[in-house]
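Comments concern the structure below.
Counting starts at 1 for both ligands and their atoms, in listed order.
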Amino acid sequence: MAGNGPTVGFIGAGRVGTTLAVTLAASGYAVTAVASRTLASARRLAAAVDGCTAYADSDRVAEVCDLVFVTTPDDEIAPVAAAVAWRAGQMVVHCSGSLSAAVLEPARERGALVGGLHPLQTFADAEQAVLALPGSAFGVEAEDPRLAAVLHQMVSALRGTGIPLRAEDKALYHASAVIACNYLVTLFHLATGLWAAFGVERDVAGRALLPLVKGTMSNLDNLGLPASLTGPIARGDVGTVQKHLEALAAAAPQLLPTYKELGRLTVPIGLEKGTLSPPAAEQLRRLLGDTEGEPCE
Ligand SMILES: NC(=O)c1ccc[n+]([C@@H]2O[C@H](COP(=O)([O-])OP(=O)(O)OC[C@H]3O[C@@H](n4cnc5c(N)ncnc54)[C@H](OP(=O)(O)O)[C@@H]3O)[C@@H](O)[C@H]2O)c1
């Protein structure tokens, strides 16, 4: 992408705004203006991008840019959309995965083209995210075909994959992202916490378990589903699962419902993989508290 693309600005100089600004600039886009709640954050972003000016007033960003990303926290998107003096014909885009473009209605009423560009990536830290963003998938919500074309071209420039989304699909799409990303962290927290029962601290447990998690990610990348499933349920190893239940009941009974629920959800993957036999699946289902396909804790 290059010089003939839209000039791009940001309102909200946090992790996502900074990462997108830096990566779009590196991909040839003219990222020319930024404003934020505090001028200090806007200046920090501007310092990371050649030719970008930090403004104290968000209206100045709308005045000078063809495409403005509203990269504030979700709850601030509507107030920003209502407060800024948008221009007819300009593009206004937020990056929330769960909100639809309807939250930008005040900009649309002023004649702007509104949409959403959600990077399907985690931004715990802007420096790491700059490395991870290129090649990511992006949820693209844009009713207007002109805006859709601009956003898909942007995704291509970032070597990403654009996933067209309708407004009504976004909550489910975002729930999927939360399961894959946030709840993976939750599972890691649960797994590392168990090691305290045999005297090993969480950070040591984390360092020991992380290569296993990375190996699993690599399997998912290379082999996909259901081939990546290994372990006792994939093998139909009922005795091992029985031992897990006993150990958990003694050391961490609060985890039993979660362990059983995840086990029940794992049985169909083992069956699909073909390594779990239907009789062993039935035994596992009973052991895990599912007699007729229904949970019965
Ligand atoms: N974090 C993720 O992993 C992730 C992933 C995908 C999408 N998103 C989406 O990306 C968007 C931004 O998230 P984030 O993680 O980058 O948030 P963040 O790091 O908390 O940054 C938000 C920025 O918005 C600024 N801000 C707050 N209220 C403002 C206002 N009224 N006007 C102007 N600027 C304001 C803050 O300014 P100051 O620094 O000046 O106080 C802050 O720099 C959200 O819609 C979020 O759902 C996040």
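Nearest protein heavy-atom contact of atom 9 (C) of ligand 1 is Cys95 O, 3.4 Å. Of all protein heavy atoms, the one closest to atom 25 (C) of ligand 1 is Ser36 OG, 3.6 Å. In this structure, atom 34 (N) of ligand 1 lies nearest to the protein heavy atom Arg37 N, 3.1 Å. At the top of the distance list for atom 21 (O) of ligand 1, counting protein heavy atoms only, stands Gly14 CA, 3.2 Å. Among protein heavy atoms, the minimum distance from atom 47 (O) of ligand 1 is reached at Asp74 OD1, 2.7 Å. In terms of protein heavy-atom proximity, atom 18 (P) of ligand 1 is nearest to Arg15 NH2, 3.8 Å. Of all protein heavy atoms, the one lying nearest to atom 39 (O) of ligand 1 is Ser41 OG, 2.6 Å. Remark: minimum distance from atom 22 (C) of ligand 1 to any protein heavy atom is reached at Pro73 CD, 3.5 Å.
For ligand 1, one of its N or O atoms has an N or O atom of Thr38 under 3.5 Å away. For Phe123, a nitrogen or oxygen atom sits less than 3.5 Å from a nitrogen or oxygen atom of ligand 1, counting backbone and side chain alike. On a distance-only criterion, Ala35 and ligand 1 share no N/O pair closer than 3.5 Å. Of the polar atoms of Ser58, none of the N or O atoms is found under 3.5 Å from an N or O of ligand 1, judged by distance alone.
Other residues, nucleotides and ligands contribute only 12 or fewer heavy atoms inside 6.0 Å of the CD atom of Glu201. In the displayed structure, Asp203 atom CG is contacted under 6.0 Å by more than 12 heavy atoms of other residues, nucleotides or ligands. Residue Asn222 places its CG atom among more than 12 non-hydrogen atoms of other residues, nucleotides or ligands, all under 6.0 Å distant. At most 12 non-hydrogen atoms from other residues, nucleotides or ligands lie less than 6.0 angstrom from CD of Glu143. In Gln254, the CD atom is crowded: over 12 heavy atoms of neighbouring residues, nucleotides or ligands sit closer than 6.0 Å.
Remark: side-chain polar atoms of Thr23 are not paired, donor with acceptor, to backbone N or O of Val130 under 3.5 angstrom. Although no hydrogens or angles enter the test, the distance criterion places no donor-acceptor pair under 3.5 Å between the side chain of Gln90 and the main chain of Val68. A distance-only check finds no donor-acceptor pair linking the side chain of Ser176 to the backbone of Leu172 [under 3.5 Å].
Every atom of ligand 1 is numbered from 1 in the order shown, and the set under 4.0 Å from a heavy atom of His118 is 6 (C), 7 (C). Counting atoms of ligand 1 from 1 in the listed order, those under 4.0 Å from a heavy atom of Gln121 are 3 (O), 5 (C). Ligand-side atoms of ligand 1 in range of Thr71: 12 (C), 22 (C), 23 (C), 24 (O), range being under 4.0 angstrom from any heavy atom. Using a 4.0 Å cut-off to heavy atoms of Thr122, the atoms of ligand 1 that qualify are 3 (O). For ligand 1, the atoms sitting less than 4.0 Å from at least one non-hydrogen atom of Ser96 are 45 (O), 47 (O), numbered in the order shown with element in parentheses. Within the listing of ligand 1, atoms 6 (C) sit less than 4.0 angstrom from a heavy atom of Pro119. Of all atoms in ligand 1, listed by their number and element, those nearer than 4.0 Å to a heavy atom of Ile11 are 33 (C). Listed by number with element, the atoms of ligand 1 under 4.0 Å from a non-hydrogen atom of Gly12 are 24 (O), 25 (C), 34 (N).
Considering only heavy atoms from C-beta on, Val61 stays 4.5 Å or farther from Val84 through its side chain. Side-chain contact between Val185 and Asn182 is absent, with no heavy atoms from C-beta onward closer than 4.5 Å. Contact check for Arg202 versus His189: side-chain heavy atoms found under the 4.5 Å cut-off. Residues Trp86 and Val92 have side chains in contact (heavy-atom distance under 4.5 Å, counting atoms from C-beta outward). No side-chain heavy atom of Arg44 sits less than 4.5 Å from a side-chain heavy atom of Ser36.
Here Val80 has side-chain heavy atoms under 4.0 Å from ligand 1, and that is the only part of it that gets that close. Contact annotation: for His94 versus ligand 1, there are no heavy atoms closer than 4.0 Å. For Glu76, every heavy-atom contact with ligand 1 shorter than 4.0 Å involves the side chain, none the backbone. Contact annotation: for Ala13 versus ligand 1, heavy atoms closer than 4.0 Å belong to the backbone alone. Counting heavy atoms closer than 4.0 Å to ligand 1, residue Val16 contributes atoms from both its backbone and its side chain.
Each of Ile163, Thr161, Leu133 was checked for a side-chain contact (heavy atoms from CB on, under 4.5 Å) with Phe138, and the lone residue meeting it is Leu133.
Cluster annotation: Val103 is not connected to Leu117 through the hydrophobic network of ILVMFWY side chains, with a link wherever side-chain heavy atoms come within less than 4.5 Å.
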